Amino acid sequence: MIQIDYPISFDAIVIGGGHAGCEAVWALARRGLKALLITMDIDRIAQMSCNPSIGGVAKGHLTKEIDALGGLMARVADASAIQYRTLNASKGPAVRSSRVQCDTRQYRREMLRRLSSHPNIHLVQGTVEDVVMVSGRVKGVLLESGVFYHARAVVLCTGTFLRGLCHIGEYHFEAGRSGDRSAERLSVTLRDAGVRLMRLKTGTPARLSAHSLDFSKFEVQNGDDVITRLSFYEDGPLMPQRPCHIAYTTPQTHEIIRASRERSPLFNGTIHGIGPRYCPSIEDKVFRFADKDRHQIFIEPMGLDTDEVYPGGISSSLPFDVQLAFLHSIPGFEHAHVIRPAYAVEYDALESGQMNHALQLRAFPDVFVAGQLNGTSGYEEAAAQGLMAGINCANYLLGEPAFVLKRNEAYIGVMIDDLVLRGVDEPYRMFTSRAEFRLSLREDNADLRLSEYGHQYGLLSDEDYAAFVQKKAQIAALEALLPSIHAPSLDRSALRDDEAAKLPSAGNLGQLIKQPEVTMDILAKTSPAIAAYPIAVRRYVETQAKFEGYIRREQQRIDAFTELESRLIPEDFDYDQVHGLSNEVLNKLKKMRPKSYAEAGRISGITPAALNAIWVARKSGSPGS
């Protein structure tokens, strides 16, 4: 094959047009760098290969953080949202999460529109065969067609496409997802370069025709009456809103699945990749939770102009005839028409320990990695990594320090720290329980935590930053206003009787808002001065006031964490001189090179005794200390 050198050179090339790749190329472009995005099918950029939603428990936090930093996901989701819903609304503010159903075609169109409109972003349709490196440094990317694109750095966002293999019972085919081919050669060239890969697995349910379902047998799940957008900074027109529905499997469903165990690739040894524990297939759930006589199914529309619906909760790799049988055993699904069958997909991902907190390969500093390649599962996790990889790739090319979010700053920081120091042996999914400081890492304060960074790195526009500064000023003004207003001066005429009963007749509002039964909505009805503030500002001030004691105590833990993070270990510290370390611990420390004692302690297998041995060695002045 004749190699054809493309006449234009790029600062960086992003490989893969999924959620990670879109955020990565956007970050590079916003930093002023010329970026090329290579994807197999431009019309399927930002494809929602699985569920048609953005957000969810902890995933909503990630989406808000992406937006606060100046990324695209929340803005594109708002432009395509057909239902808004707050999860855990009855629970504490730390675990409340936003989730929106999206019109999947509109989501793709909107993402493509935004990427195409940026002058620094160039799109190419093609399949990458090789990342060409000389002496460990990136020179460019070679396509299967023989076209060579020159670049100084690469961001790998390959999703499930590296040696992707799909399974529908006994039927197997090479594909990154159903309908799209896999990337075979790139996986080989990465291995040849010394990159260590492992096999992971994920799956998706069948897509069904809405007209073939009996919706009278389902529970209706409407969206929120009061809509809270995902983006802090955009408020374009809303799309028409649609309900979701809930169905349930039956004992007959489970019996059909149990009888087909030997035909399941998951159980008969056909699938070798490790699947996500927290998002199991229906056959996995039936066998793991044998005491359950039913499992919930969330029926989600794929868009406004399609008959396709997504039955969340019943992903499967069972043969097609078994899929039909168990689907038809579900009330409301008796005559379900399958538009696309369920399938599982195996793919190559990085073995842990090969990247640093900048999402940069330790062995190849010109190569950054993001998304399912790093062992994560989910659009939001991928997009957050893509944004950070893009920012850090830009910083690297511009000669600036890496941008690393700490665990006390963002869920993004928690996720990346987990991936780097703890590693993965199954697809990683974000949960609020993974964050030690989740009361301080709420959805409602993501902009207050991160928008300074977004503006600093050029992702957040001056206009959006001005709105952020104004919001901070409004919060400070409302916090100062409340103690100056006393209960006797309030106009209670607009209150319902039950609301009036909750409002004490003495005390200032700074004191009263701390009481559980007094809400900012009630106070806004009694005071025009309070009602003048935006709802988001009022809700933030209310949360801060009601949880003031808890937040103060958490801040003390954050201070202790920060102090431990400041106890640094020199980059060239000689771990071989530390007495008492096992070979396993020694190898991990030398490979990971933790920057602090806190980081060392978060590495899987590093014991308190090992940390103490390092401390003693440093205090005694061992070589390299």
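We're numbering straight along the sequence, starting at 1. All figures in this text were calculated on a predicted structure; none of them were measured in a lab. Scope of the values below: all heavy atoms of this structure, side chains included, with no hydrogens, waters or symmetry mates.
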### Message
Any heavy-atom pair between the side chains of V420 and E599 that's under 4.5 Å?
### Response
no

## Note on the structure
Heavy-atom closest pair (L72 atom, M111 atom, distance to 0.1 Å) is CD1-SD, 3.6 Å

### Task
Would you check if R496 and K525 make a side-chain contact, meaning some heavy-atom pair closer than 4.5 Å?
yes

### Distance-minimising heavy-atom pair for L304 and P240
CD1-CD, 3.7 Å

### Task
Examine distances only and state if a side-chain atom of R429 and a backbone atom of G378 form a donor-acceptor pair shorter than 3.5 Å.
no

### Task
Identify, with sequence neighbours excluded, every residue that meets salt bridge (Lys or Arg N to Asp or Glu O under 4.0 Å) alongside R553.
none

### Side chains of Q385 and N374, donor plus acceptor under 3.5 Å
yes

## Note on the structure
Heavy-atom nearest pair, A389 first then V155, reads CB-CG1, 4.0 Å

### Query
Roughly how far, to the nearest 0.5 Å, is CG of N51 from CZ of F298?
11.5 Å

### Message
Holding to ring-ring contact (aromatic ring centres under 6.0 Å, His included), I want the full list of residues that pass it with F468, two or more places apart in sequence or in another chain.
### Response
Y465

### Message
Check D78 with R229, please: is the shortest side-chain N to carboxylate O separation under 4.0 Å?
### Response
no

### Message
Less than 4.5 Å apart, side chain to side chain, heavy atoms only: is that true for S97 and E443?
### Response
yes

### Query
Charged N to carboxylate O under 4.0 angstrom, E110 versus R114?
yes

### Task
Ignoring hydrogens and angles, state whether a donor on the side chain of Y453 or E409 is under 3.5 Å from an acceptor on the partner side chain.
yes

### Message
With a 4.0 Å cut-off on N to O distance, would you call D11 and K34 a salt bridge?
### Response
no

### Task
Name the orientation class of the two ring planes belonging to W26 and H118 (parallel below 30°, tilted from 30 to 60°, perpendicular beyond 60°).
perpendicular

### Message
For the CE atom of M302 and the OH atom of Y107, what is their distance to the nearest 0.5 Å?
### Response
13.5 Å

### Query
Does some side-chain heavy atom of P93 sit less than 4.5 Å from a side-chain heavy atom of D444?
no

### Over-ring placement of R422 relative to Y428, 6.0 Å and 45° cut-offs
no

### Query
Rounded to the nearest 0.5 Å, what separation is found between the CZ atom of F10 and the CG atom of L28?
12.5 Å

### Message
For the CD1 atom of I530 and the CG atom of L478, what is their distance to the nearest 0.5 Å?
### Response
6.5 Å

### Query
Do NZ/NE/NH1/NH2 and the carboxylate oxygens of E565 and K406 come within less than 4.0 Å?
no

### Task
Decide yes or no on salt bridge (Lys or Arg N to Asp or Glu O under 4.0 Å) for D43 and R108, but give the supporting numbers first.
CA-CA 8 Å; D43 293 328; R108 292 197 309 269; over 6 Å; no

### Task
Examine distances only and state if a side-chain atom of R492 and a backbone atom of L503 form a donor-acceptor pair shorter than 3.5 Å.
yes

#### Entry: Lys/Arg-Asp/Glu bridge criterion (N-O < 4.0 Å) met for D464, R75
yes

### Query
Are D417 and H357 side-chain neighbours, meaning at least one heavy-atom pair lies under 4.5 Å?
yes

### Query
Are side-chain heavy atoms of F364 and V154 found at a separation under 4.5 Å?
no

### Query
Do Q241 and Q101 come within less than 4.5 Å of each other through their side chains, counting heavy atoms only?
no

### Task
Verify whether one side chain among D521 and T519 offers a donor that lies under 3.5 Å from an acceptor in the other.
no

### Message
Which heavy atom of H122 sits nearest to which heavy atom of P119, and what is that distance?
### Response
NE2-O, 3.9 Å

### Task
Flag the pair R557 and E436 as a salt bridge only when some basic side-chain nitrogen lies within less than 4.0 angstrom of an acidic carboxylate oxygen.
no

## Note on the structure
Heavy-atom closest pair (V541 atom, M520 atom, distance to 0.1 Å) is CG1-CE, 4.0 Å

### Summary
For Y310, the ring-ring contact (aromatic ring centres under 6.0 Å, His included) test, sequence neighbours excluded, returns none

### Query
Where is the tightest heavy-atom contact between L459 and L69, given as atom of each residue plus distance?
CB-O, 3.1 Å

### Task
Check whether any side-chain heavy atom of Y411 lies under 4.5 Å from a side-chain heavy atom of R438, and answer yes or no.
yes

### Task
Say whether S53 and R99, considering side chains only, have a donor N or O and an acceptor N or O under 3.5 Å apart.
yes

